[in-house]
Colleague: 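Encoded as structure tokens, here's the structure I'll be asking about.
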Amino acid sequence: MSKKKDMDSIVSLCKRRGFLFQSSEIYGGLNGFWDYGPLGVELKRNVKDAWWRDMVTSHDEFREYPGAPQTFHMVGLDSSIVMHPQIWKCSGHYDLFHDMMVDCKLSKKRYRYDQLKGRWVTCPGKTASAQQVERVFVTSGAEDPTPDIEARAAKLFGLRNKEADRLVWDGGVQSLGTVEPSQFASVLAPDVDSLGTFTEPREFNLMMKTILGAMGTEDDAAFLRPETAQGIFVNFKNVVDSTRVKVPFGICQVGKSFRNEITPRNFTFRSREFEQMELEFFCHPGESAQWYQYWRDRRMKWYTNLGLSGERLQLREHHQDELSHYSCGTSDIEYAFPFLDAGEFGELEGIAHRGDFDLRSHSEGKLDPKTRPLEVEKDADGNPKWRGSGKDLSYFDDQTRERFIPHVIEPSAGADRGTLAFICEAYDEDEAPDEDGKAQTRTVMRFHPRIAPVKAAVFPLIKKEGMPDIALGVYRELKEAGLNVQYNQQGAIGRRYRQQDEIGTPYCITIDGDTISQKTVTLRDRDSLAQERIPLDKVTEEIQRRLKG
Ligand code: ATP
């Protein structure tokens, strides 16, 4: 199956079965925004619940976790989306949270400098366009850029399709970011026919602005948070003062974040509104390197435990020059999404060693001296406009009598990207026998049972002999146990199984003639297709046991 078809099938299943819809679809949609349908909301909630359970609810502060330097506390938080604008100045987002973009002067479209794809090409004996350029960088804004680049290059050099083999390619497809602005005269932008239409790359701040209150002036401007993390840092002292936590400990938060992405794309992968699952882990500076290792490894295991396969998942340590302005070490957990080229991976989660940057900045109002010191703007009265909170955000260890600013390890995961990775991983087509034993292609979502949106489906084989009543009883018992289950009595049983396979329901329970005579039901497994008989009065217990396993 081709890469394109693969992703198309996944996107189409998501819409057909109610996982994901384009936001505001009946009005033509809104780029970069998505709605989760009845199944999608269950799936994403299960992903977030699995994270929260692992991090907070089931965390045991007395337990020794393998690889962790010592026992530790974990607590949760839910901070507001709009916060004091000064927070974004001290966090560095106001000055530094931007992407480089280029504008096309002809098409009036805007692109991310580092994301637009293109390829260098020449055509011996020919020059491109009226400008007589010999070597050209041809770009494409298409999701699958390669065929588009080839067609556009042929057209640019005035070749017919069958002459395309006269083109000489110089290197593979690469980002426009590898092309110096001084070479832009040789670049063909998407959707235009002339060369050299790009402007110089410019900074574009990704924070979404809003206005508070009725006056509506620039002084009332605030920002929707671009990450949940800052809400945690500014509550560090509140949490220490109001709970029994001691360093080392973590504060977890799940919630919406907003970024004005220049080119939202690849389904939900790059959206303008998305959800994050973030942990800020506060530890002693002397132990932070060990904690960084610990959280990297533990977070990687979380994804594999929920079914992401080893070969499509990787942990990548950043090079020194890739590190954020505050970071002493960062690694990404990445997944080979089907919409990417072979060998390419997309980030699911970043695990960053942030040192004491955040707590220190919120206290003193300084950015990391290694990069850019805070420019202190003055207000009308000559007072510094952007200062730190002035609050002491250090920590006093009453055992060692030491005062220090904790270091922070931050595993920051995207709930939507994680959910999309689980969807892509789960999608499969195989051959399974129908009722007559004939092999038929079936679409099956192989979700890990713990995140599957529907845990089980209950069917009466036929609509008589009391079967529907028994099936409804089983359905209700499962519901009362808190499981999301479905009941269906319509259509051939094979068809009902296929419908459940397509949404990833791990177990189907069928009430049939033997249920009445022997008090047993058929339990069918989505993956092995095995059908076993289990006692009618043990159905809920058995499903719960399997979901735990
Ligand atoms: P990218 O380089 O892909 O833009 P990032 O490095 O800026 O991502 P972080 O700031 O580390 O991302 O955010 C943490 C996580 O939040 C990411 O790993 C990702 O899962 C999620 N995330 C960030 N931006 C988006 C977005 N625009 N849409 C969906 N999820 C996002």
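Just so it is clear, the structure is predicted and the values come from calculations on it, not from any experiment. Whatever order the structure lists them in is the order used to number ligands and atoms, beginning at 1.
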Colleague: Looking only at protein heavy atoms, which one is nearest to atom 29 (C) of ligand 1, and what is the separation?
Modeller: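 Nearest protein contact, heavy atoms only, for atom 29 (C) of ligand 1 is F269 O, 3.1 Å.
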Colleague: Quick one: does S271 get an N or O within less than 3.5 Å of an N or O on ligand 1?
Modeller: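 Checking ligand 1 against S271, an N or O pair does fall under 3.5 Å apart.
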Colleague: Using a 4.0 Å cut-off to any heavy atom of L348, which atoms of ligand 1 qualify?
Modeller: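 Those of ligand 1 that fall under 4.0 Å from L348 are 18 (O), 20 (O).
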Colleague: Cation-pi check for Y294 against R296: NZ or CZ below 6.0 Å from the six-membered ring centre and within 45 degrees of the axis, yes or no?
Modeller: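 No.
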Colleague: Spell out, as yes or no, whether a donor-acceptor pair under 3.5 Å connects the side chain of T263 to the backbone of Y111.
Modeller: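 Absent.
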Colleague: Among protein heavy atoms, which lies nearest atom 4 (O) of ligand 1, and at what distance?
Modeller: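 Looking at atom 4 (O) of ligand 1, the protein heavy atom closest to it is R270 NH1, 2.8 Å.
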Colleague: Compute the minimum heavy-atom distance from D416 to ligand 1 and say whether it is under 4.0 Å.
Modeller: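 False for this residue.
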Colleague: Check the side chains of Q253 and S79 for a donor-acceptor pair under 3.5 angstrom, ignoring hydrogens and angles.
Modeller: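 S79 vs Q253: donor-acceptor pair found between side chains.
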Colleague: Considering only heavy atoms from C-beta outward, does the side chain of C424 approach that of P338 to under 4.5 Å?
Modeller: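 A side-chain contact under 4.5 Å exists here.
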Colleague: Could you list the atoms of ligand 1 found under 4.0 angstrom from a heavy atom of R259?
Modeller: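 By the 4.0 Å cutoff, the relevant atoms are 5 (P), 7 (O), 9 (P), 10 (O), 12 (O), 13 (O), 23 (C), 24 (N).
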Colleague: Any N/O of T268 closer than 3.5 Å to an N/O of ligand 1?
Modeller: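 Between T268 and ligand 1, no N or O pair is found under 3.5 Å apart.
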Colleague: Near E344 CD, under 6.0 Å, is it more than 12 heavy atoms from other residues, nucleotides or ligands?
Modeller: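 Yes, enclosed.
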Colleague: Is any N or O atom of A413, backbone or side chain, closer than 3.5 Å to an N or O atom of ligand 1?
Modeller: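 No: no nitrogen or oxygen of A413 is under 3.5 Å from one in ligand 1.
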Colleague: Kindly confirm or rule out a cation-pi arrangement of R299 over W295, judged by NZ or CZ under 6.0 Å from the six-membered ring centre and within 45° of its axis?
Modeller: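 Not flagged: R299 not positioned over aromatic ring of W295.
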Colleague: What residue and atom, counting heavy atoms only, is the protein's closest point to atom 14 (C) of ligand 1, and at what distance?
Modeller: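 Result: S412 OG, 3.0 Å.
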Colleague: Can you check which of F274, F258, W34, F97 brings a heavy atom nearest to atom 25 (C) of ligand 1?
Modeller: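 Closest candidate by heavy-atom distance is F274.
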Colleague: Would you mind running through ligand 1 and noting each atom that sits below 4.0 Å from a heavy atom of E349?
Modeller: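 The atoms of ligand 1 under 4.0 Å from a heavy atom of E349 are 18 (O).
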Colleague: Determine, for D356 against R360, whether the closest basic-nitrogen to carboxylate-oxygen distance falls under 4.0 angstrom.
Modeller: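 Salt bridge: yes.
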Colleague: Nearest protein heavy atom to atom 18 (O) of ligand 1, by residue and atom, and its distance?
Modeller: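 Answer, as residue, atom name and distance: E347 OE2, 2.6 Å.
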Colleague: Check for me whether R272 meets the cation-pi criterion with F33, that is, NZ or CZ under 6.0 Å from the six-membered ring centre and within 45 degrees of the ring axis.
Modeller: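 Here R272 fails the 6.0 Å and 45° test against F33.
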Colleague: Would Q276 count as being in polar contact with ligand 1, using the rule that some N or O on each side must be under 3.5 angstrom apart?
Modeller: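 So ligand 1 has an N or O lying under 3.5 Å from an N or O of Q276.
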Colleague: If you look at every heavy atom in I211 and A221, which pair is closest and at what distance?
Modeller: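 In terms of heavy atoms, the two residues are closest at CD1-CA, 4.1 Å.
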Colleague: Check step by step if salt bridge (Lys or Arg N to Asp or Glu O under 4.0 Å) holds for K44 and E275.
Modeller: CA-CA 10 Å; K44 185 168 152 190; E275 249 178 309; 2.7 Å; yes
Colleague: Can you confirm, on distance only, whether ligand 1 has an N/O atom lying under 3.5 Å from any N/O atom belonging to G414?
Modeller: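 Yes, since at least one N or O of G414 sits under 3.5 Å from an N or O of ligand 1.
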Colleague: Any idea which protein heavy atom is nearest atom 19 (C) of ligand 1, and the distance to it?
Modeller: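 The closest heavy atom on the protein side is R417 NH1, 3.5 Å.
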